[in-house]
Amino acid sequence: MIKSSVYNCSVIELPINHRDRGNLTVAENGKNIPFDVHRVYYLYDVPAGESRGGHAHRELKQLIIAASGSFNVVLSDGKIKRTITLNRPFYGLLVVPGIWRELDDFSSGSICLVMASRKYDAKDYIRGYEEFLAWKGRD
Ligand code: TYD
């Protein structure tokens, strides 16, 4: 996905399956997630003013959800930048491989839930922006 663009990333609306004494949303492989989930992790207690991310993935697909509170996801494909605010738990931002991302402006108590298409692999990360640009520039 060297050639992927920020426009390949999209916000997916997850269904509210059950409204009774609060809401219940289900994300299920093969139904409403565009990949099979092999890992889930979440960020929480992010201090005010702190940012996360600051890397790209070579192969990993992710669905990023504001399970609580809100934050911004800044996406870049090396040419175009898009900022997406996530603030409701029934929206998931699909981030395709080959996209630089930074997460910031976390509200107090927010939880960033990430569903990922692969197990953790440090070799899948590109952690330098210059390295990312060089990788994107390759044929
Ligand atoms: P990282 O993905 O760099 O976090 P962020 O982009 O939110 O700043 O991960 C932070 C650290 O946690 C890094 O040392 C790798 C480790 N980590 C795992 O061991 N397993 C995982 O599944 C993830 C996502 C991170």
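In what follows, every heavy atom counts, from backbone to side chain, and hydrogens, waters and symmetry copies are set aside. Throughout, numbering of the chain's residues begins at 1 and tracks the sequence. Counting convention: from 1, in listed order, for ligands and their atoms alike.
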Atom pairs and distances, donor-acceptor, side-chain atoms in residues 69-80, under 3.5 Å, two or more places apart:
| residue | atom | partner | partner atom | Å |
| --- | --- | --- | --- | --- |
| Asn72 | OD1 | Thr85 | OG1 | 2.8 |
| Ser76 | OG | Gly78 | N | 3.0 |
| Ser76 | OG | Tyr129 | OH | 3.3 |
| Asp77 | OD1 | Lys79 | N | 2.9 |
| Asp77 | OD1 | Ile80 | N | 2.7 |
| Asp77 | OD2 | Val6 | N | 2.9 |

Would you tabulate the polar-atom pairs, meaning N/O of ligand 1 against N/O of the protein, with distances under 3.5 Å, reported to 0.1 Å?
| residue | atom | partner | partner atom | Å |
| --- | --- | --- | --- | --- |
| ligand 1 | 2 (O) | Tyr125 | OH | 2.6 |
| ligand 1 | 3 (O) | Arg127 | NH1 | 3.1 |
| ligand 1 | 3 (O) | Arg127 | NH2 | 2.9 |
| ligand 1 | 4 (O) | Arg52 | NH2 | 3.3 |
| ligand 1 | 6 (O) | Gly53 | N | 3.1 |
| ligand 1 | 6 (O) | His55 | ND1 | 3.4 |
| ligand 1 | 7 (O) | Arg52 | NE | 3.1 |
| ligand 1 | 7 (O) | Arg52 | NH2 | 3.1 |
| ligand 1 | 8 (O) | Arg52 | NE | 3.0 |
| ligand 1 | 8 (O) | Arg52 | NH2 | 3.2 |
| ligand 1 | 8 (O) | Gly53 | N | 3.3 |
| ligand 1 | 22 (O) | Arg39 | NH1 | 2.5 |

Please tell me if the side chains of Ile64 and Val95 come closer than 4.5 Å, counting only heavy atoms from C-beta onward. yes

Lys/Arg-Asp/Glu bridge criterion (N-O < 4.0 Å) met for Glu59, Lys119: no

Please table the atom pairs, donor to acceptor, closer than 3.5 Å between any side-chain atom in residues 40-56 and protein atoms at least two apart or in another chain.
| residue | atom | partner | partner atom | Å |
| --- | --- | --- | --- | --- |
| Tyr41 | OH | Gln62 | NE2 | 2.9 |
| His55 | NE2 | His57 | NE2 | 3.3 |

Any side-chain heavy-atom pair of Ser117 and Asp36 under 4.5 Å: no

Which side chain to side chain donor-acceptor pair (under 3.5 Å) pairs, counting each pair once, include a residue from residues 18-27, with sequence neighbours left out? none

